[in-house]
Structure formats: C-alpha cells, structure tokens
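Convention: sequence-line order gives letters A, B, ...; per-chain numbering from 1.
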Amino acid sequence: MALRFYNTLTQQVQPFEPLDAKTVRMYTCGPTVYDYAHIGNFRAFVFYDILRRWLKASGYGLDHVMNITDVDDKIIRNAMAQGKSLVDYTAVYTQAFLDDCATLRLERPERVARATEHIPEMARAIQKLGDEGHTYSSDGSIYFRISTFPGYGKLSHQHFDGMVSGARVDVDSYEKADARDFALWKAPKPGEPSWQTEIGPGRPGWHIECSVMAIEFLGSTLDIHAGGIDLVFPHHENEIAQSECLTHRPFSRFWMHAEFLLVDGQKMSKSLGNFYTLRDIFGRGVTPEAVRYLLASVPYRKSLNFTFEGLNSAKTAIDRLRNFTFRLESSKLPQIKNEKIEEHARAALEQFRASMDDDLNTAEALAAVFEFVRDANTAVDANEFGAGNLEAAHALLGQFDAVFDVLQPSKSEGGMTDEEIEAMIASRTAAKKARDFARADQIRNELTEKGVILEDTKDGVRWKRK
RNA sequence: GGCGCGGUAGCCAAGUGGUAAGGCCAGGGUCUGCAAAACCCUUAUUCGUCGGUUCGAUUCCGACCCGCGCCUCCA
C-alpha cells in the first residue's frame with residue numbers, strides 16, 4: 001500500500017503524493033516566541049519531524065516552511081512589561097526554541113520564516129484583499145469579512161447558521177461587524193511597536209502571516225499544511241479564507257493535525273502546576289531521546305498522556321534497542337547466514353514501512369522492530385545469528401533510526417576517555433584472575449559511578465557509557 | 001448546545017467480522033565468584049455499558065455512560 005495520510009479537510013485517509021510528484025511543499029505552524037516552548041508544543045513539532053523524515057524516506061524532496069511568530073499581543077505585552085524592544089525580547093525565545101529543536105534532533109525545515117521580516121508582503125496581501133472587497137476598516141484596524149467567503153467552515157466542519165451577523169462579540173476589544181470576522185491588521189496603540197506600510201501604520205494579525213509566507217515561498221497551493229489540532233479553528237480556517245480569496249486556488253491539498261498532549265490526564269496549565277518546558281524535564285535527569293521517543297511513539301492523531309512514568313518507559317525501550325545494536329557490534333558471530341533471521345529482518349522492514357505509510361502508524365512500526373529484536377536476540381543466544389545476518393539487521397535498524405533517531409546517545413559532558421576506561425577494566429580483569437573480588441568490585445563500582453556499565457560475557461568484558 | 005477525538009491487561013498502546021501486536025512494570029529463569037548489566041520465558045477467554053445484525057463482533061449498526069479537545073489567544 002502506498003503512502004496515505006488522514007486529511008482533516010476530507011475527514012478521510014487518502015493516498016498522498018505531491019503535486020509535482022517529486023518535492024513536497026509543506027507549511028507547518030511554528031511557535032509564538034513569547035516564552036519557552038513547552039512539551040505540549042513539542043508534540044506537534046516532533047510530529048512535523050517524523051512526517052518530514054518519512055516523506056524523505058519515501059523518496060520525496062522537501063520544501064518545508066515553518067513560521068516563527070515574533071509579533072503578537074502576548075509578545076508585545078511581555079516585552080513592554082520588561083522594558084525591552086520587540087527584537088530583543090523575541091531573540092531570546094527564538095534562539096531557545098531553535099536550541100530545543102536541535103536537542104530533540106528535529107530537522108531544520110528548509111526555511112524558517114519570521115513574521116516581522118515579511119510585513120510589507122502582508123500589507124500588500126491585505127491591500128489586495130481590500131481591492132477585491134473582502135475587508136473593512138474600523139478605527140484604523142482592518143478586518144476580513146467572512147461573509148465574502150462562502151467556503152468558510154469547510155476545514156473545521158462547523159456550521160455558523162446560529163451565529164447572528166452583526167452581533168457584538170467583543171472578545172478582542174476591537175469592533176467587528178460579524179463575530180467570525182477577524183483582524184488582518186491592527187491599528188497602532190500608543191507605545192506599541194508598529195510598521196509604516198502602504199495600508200497605513202499598524203501591525204499584522206496572526207492569521208495573515210501564515211497565509212502570506214506560505215504563498216510567498218511555496219506558491220498558491222501547498223501539498224501539506226500541518227499544525228496542532230487546536231489550530232483547526234479558527235487559525236487554519238481563517239488562513240484558508242484569506243489565501244483562497246487571494247489566489248482563487250485551493251490553499252492546501254492536505255491538512256494534517258497533531259492531537260493534544262495531556263499531562264496526567266489533564267490539559268497542561270501553569271495554574272495546575274503541570275506545565276513543563278524541556279528545561280524543566282531535563283533538569284530531572286531525563287534524556288532528550290526519551291522525550292523524542294515518547295512523543296513519537298504514540299501515533300500523532302491520538303492524544304498523548306505525558307507522565308514521568310512514560311518517559312521512564314521510553315528510556316528503557318531505547319536501552320533495549322541500543323543494547324541490541326551494541327550486542328551486534330561487540331559479539332563474536334559465527335560466519336553463517338541464518339535464512340530464518342534474514343527472512344524476519346526483511347519482513348520486519350516491510351512491516352515498518354507499511355505501518356509508517358499508513359498515516360504514520362509509529363506504534364505499529366515499532367512493534368515490527370521489537371519483534372525482530374527479540375527473535376534476533378534469541379538467535380544470538382543460541383549462536384545461530386551469523387555475521388551474514390548483520391546487513392539485513394542494520395537495514396532494519398537504519399530505517400528505524402532514520403525516523404526515530406534515538407539510538408545514538410546525546411553527548412554527556414566530561415567523563416573518561418576510552419583509554420582510561422580500558423585501563424581500569426584491565427586491572428579489574430587482573431584482580432578477578434587473582435580472585436581478588438573485593439578489588440574487582442571496587443573498580444567496577446568506580447566505573448559505575450562514572451557512568452560506565454560493564455558486562456561480563458563469555459567473549460570477555462564489554463562496556464558502554466550509560 | 002455545535003464540531004471533532006477517544007475509552008483494549010498495573011501503565012503506555014496496535015489491530016482485525018473468526019476468536020487479542022509491541023513497549024514498560026511485575027514474577028520466573030539463563031549467564032555470573034557475587035551483584036549489576038544483558039538475554040529468554042510467563043502475564044487480557046477479554047477489548048466502557050446495554051441492545052441489534054451475523055454461523056460468529058472487540059471489530060458493523062443503534063442507544064447510553066465516561067474522558068479529552070475546539071467553538072476567544074493556544075501545538
């Protein structure tokens with residue numbers, strides 16, 4: 001079966017292939033840099049990464065744009081409260097975000113676009129929407145008139161019959177003609193940053209930035225537009241309205257949305273005290289790989305309950321896979337090729353791919369890997385796993401890690417060199433030979449404290465860093 | 001109220017009209033001087049509840065209960 005994804009627009013799983021058959025043009029909603037990103041945010045960002053990697057593994061090129069929203073109400077409020085300029089304020093959190101992404105091994109999109117670098121284009125787009133009768137002004141702000149776009153609601157599948165046009169729903173402290181209408185351009189307020197443009201002074205609304213940057217970089221019709229499920233309405237619905245009024249073409253062929261992350265079964269919030277940034281979690285001795293694995297192992301369309309127990313489970317699962325690769329590298333294997341193992345490796349690789357093709361079913365893909373690992377471990381125990389099986393095993397593990405990317409440990413600071421470790425192991429072996437077990441145990445404990453784990457095997461001692 | 005998602009072993013979780021993947025935990029074992037580490041084995045007659053369709057349903061249909069998200073900023 002070929003690659004297929006669930007499309008929020010059609011509410012169906014559909015075969016996927018990019019419009020030009022080679023390169024996937026994809027836009028994903030990035031962060032608003034008003035604070036450190038939290039793990040809930042990274043649920044979506046890890047999903048983007050898995051999607052990217054699987055598209056690449058499927059042979060496609062990528063042109064992926066992600067925005068960074070560096071101007072919005074919260075940013076302005078916080079920056080003003082701290083007496084900082086917008087640029088100074090957002091620089092900190094933008095960098096922190098990029099650092100966090102690198103820590104989680106998220107591939108950098110082909111383009112990372114900052115909203116404030118595209119304001120003239122946004123103004124021009126708003127101008128054009130105005131020329132075509134989709135906007136109205138009120139107190140210097142410009143609003144999109146939803147009633148001019150009949151398709152409104154097609155993504156979120158909502159009906160707005162019950163909403164009374166002209167009703168005053170004053171949620172934004174701006175005047176709107178219709179409750180659904182949204183701000184394209186916000187009038188400058190005293191003390192707030194604003195830009196001088198051909199449509200007057202002010203700053204862009206949130207929704208317009210994504211439409212404008214997506215179209216600018218990727219053209220009028222994208223292959224995939226992705227985001228968190230909470231963005232379906234109103235953000236993505238509004239993007240569609242703006243973009244399709246602007247280009248008169250379908251905005252995105254596929255819309256993909258990552259489900260929510262819960263913490264201890266509840267929505268993460270500062271008031272509940274279950275609000276975690278990556279920095280908070282790493283402070284508790286959790287590795288980036290464990291976070292990555294946990295977020296990736298639950299299929300993206302299923303809500304994920306984040307717990308420290310889950311992180312622990314992820315860590316152990318990764319260890320199992322690392323131990324297996326370590327074992328293949330360090331064991332003396334017989335010069336044979338076990339056909340049963342070969343067949344299993346082939347079947348597991350095929351199953352892995354089929355599962356990923358099926359709307360990125362990462363849970364099922366993982367099962368294929370683990371089943372093979374168990375089978376292969378048993379064979380190694382029985383001395384029936386041969387050097388001739390290594391290639392097929394590595395093909396499977398390589399495919400797995402091209403997506404999950406957790407096998408290589410993150411570098412830890414300090415620590416001993418390989419030579420120092422080998423020297424200590426040599427003295428321990430000597431002590432063991434002399435039956436001085438107290439001395440041998442002392443050396444082993446020392447190594448353990450320094451994060452080096454020894455394993456006594458029939459082929460001798462082998463070691464690894466924790 | 002509207003729209004959407006989900007309820008499968010202690011926890012996470014896949015899946016199918018024909019009788020339940022995988023991971024973690026737990027218990028047992030192998031290895032070992034002993035631990036540790038590693039590896040292996042075992043662990044749901046049962047898939048929220050109640051009806052219906054069917055030779056047969058966890059899987060299809062209906063009703064109900066429960067949890068979550070969106071409907072105002074939010075990944």
Novice: Taking CZ from A:Arg301 and P from B:A75, how many angstroms apart are they, rounded to a whole number?
Specialist: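 Atom CZ in A:Arg301 sits about 21 Å away from atom P in B:A75.
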
Novice: Strictly below 4.0 Å: does A:Arg435 bring a side-chain N or O up to OP1 or OP2 of B:G33?
Specialist: no

Novice: Only pairs with both distances under 3.5 Å count, Watson-Crick or wobble alike; so what is the partner of B:C70 in this structure?
Specialist: B:G2

Novice: Whole angstrom is fine here: how far is it from OH in A:Tyr27 over to C1' in B:A75?
Specialist: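 Computing the A:Tyr27:OH to B:A75:C1' distance gives 14 Å.
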
Novice: Looking only at atom P, what distance separates B:G48 and B:U59, rounded to whole Å?
Specialist: 8 Å

Novice: Rounding to an integer number of Å, can you tell me how far A:Ile146 CD1 sits from B:C71 P?
Specialist: 15 Å

Novice: Who does B:U54 pair with, Watson-Crick or G-U, both distances under 3.5 Å?
Specialist: none

Novice: Pick base, sugar-phosphate or nothing for A:Gln158, based on heavy-atom distances below 4.0 Å to the nucleic acid.
Specialist: base

Novice: Taking the six-membered ring of A:Tyr89, is the NZ or CZ of A:Lys84 close enough (under 6.0 Å from the centre) and on axis enough (within 45°)?
Specialist: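 No, cation not above the ring by the 6.0 Å, 45° rule.
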
Novice: Name the residue closer to the 5' end of RNA chain B, choosing between A:Asp358 and A:Arg428 according to the nucleotide with the nearest heavy atom.
Specialist: A:Asp358

Novice: Write down the partner of B:C34 under the Watson-Crick or G-U wobble criteria, each distance required to be under 3.5 Å.
Specialist: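 None - no nucleotide pairs with B:C34, as no candidate has both distances under 3.5 Å.
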
Novice: Closer to the 5' end of RNA chain B via nearest nucleotide, is it A:Tyr6 or A:His38?
Specialist: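 Its nearest nucleotide lies further toward 5', so the answer is A:Tyr6.
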
Novice: With respect to the side chain of A:Ala363, which nucleotide from B:C40, B:G23, B:A14 is positioned closest?
Specialist: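 Side chain of A:Ala363 sits closest to B:A14.
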
Novice: Is the A:Tyr6 to A:Phe254 ring centre distance short of 6.0 Å?
Specialist: no

Novice: Which nucleotide in the list B:C39, B:G33, B:A75 gets nearest to the side chain of A:Lys432?
Specialist: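 Selected nucleotide: B:G33.
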
Novice: Parallel, tilted or perpendicular: which fits the ring planes of A:Tyr300 and A:Phe47, with parallel below 30° and perpendicular above 60°?
Specialist: parallel

Novice: Of the listed nucleotides (B:G2, B:A75, B:A14), which one gets closest to any side-chain atom of A:Asn361?
Specialist: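 That would be B:A14.
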
Novice: Between C1' on B:A37 and CZ on A:Phe324, what's the gap in Å once rounded to a whole number?
Specialist: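 The answer, rounded to whole Å, is 17 Å.
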
Novice: Are A:His236 and A:His257 an aromatic pair by the rule of ring centers under 6.0 Å?
Specialist: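 When the ring centroids of A:His236 and A:His257 are compared, they turn out to be within the sub-6.0 Å range.
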
Novice: If you check the A:Arg374 side chain, which of B:C73, B:G15, B:C40 turns out closest?
Specialist: B:C40

Novice: Find the distance A:Tyr34:OH to B:C73:P and express it as a whole number of Å.
Specialist: 13 Å

Novice: Calculate the interatomic distance between A:Gln442 atom CD and B:A36 atom C1'; express it in whole Å.
Specialist: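 Going from A:Gln442 (CD) to B:A36 (C1'), I get 17 Å.
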
Novice: Answer yes or no: is there a donor N or O on one side and an acceptor on the other, between the side chain of A:Asp436 and the main chain of A:Arg439, under 3.5 Å?
Specialist: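 At least one qualifying donor-acceptor pair exists.
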
Novice: Who is the Watson-Crick or G-U wobble partner of B:U49, with both distances under 3.5 Å?
Specialist: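 Partner of B:U49: B:A63.
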
Novice: Suppose we call two aromatic rings close when their centres sit under 6.0 Å apart. Are A:Tyr36 and A:Tyr93 close by that rule?
Specialist: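 When the ring centroids of A:Tyr36 and A:Tyr93 are compared, they turn out to be within the sub-6.0 Å range.
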
Novice: Now, which nucleotide makes the Watson-Crick or G-U wobble pair with B:A26, with each of the two distances under 3.5 Å?
Specialist: B:U42

Novice: Rounded to whole Å, how long is the line connecting atom CD of A:Glu237 with atom P of B:G4?
Specialist: 13 Å

Novice: Please name the nucleotide paired to B:A21 by Watson-Crick or G-U wobble geometry with both distances under 3.5 Å, or report none.
Specialist: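 For B:A21, the partner nucleotide comes out as none, under the 3.5 Å rule.
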
Novice: Is there a side-chain contact between A:Asn323 and the phosphate of B:A38, meaning an N or O under 4.0 Å from OP1 or OP2?
Specialist: yes

Novice: If you check every side-chain atom of A:Glu455, which of B:A14, B:A38, B:C39 has the closest atom?
Specialist: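 Of all the options, the side chain of A:Glu455 is nearest to B:A38.
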
Novice: Taking only side-chain N and O atoms of A:Arg327, does any of them lie within less than 4.0 angstrom of OP1 or OP2 on B:A38?
Specialist: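 No.
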
Novice: Send over the distance from A:Gln11 CD to B:C70 P, rounded to a whole Å.
Specialist: 18 Å

Novice: Give none if B:A14 has no partner; otherwise give the nucleotide forming a Watson-Crick or G-U wobble pair with it, both distances under 3.5 Å.
Specialist: none

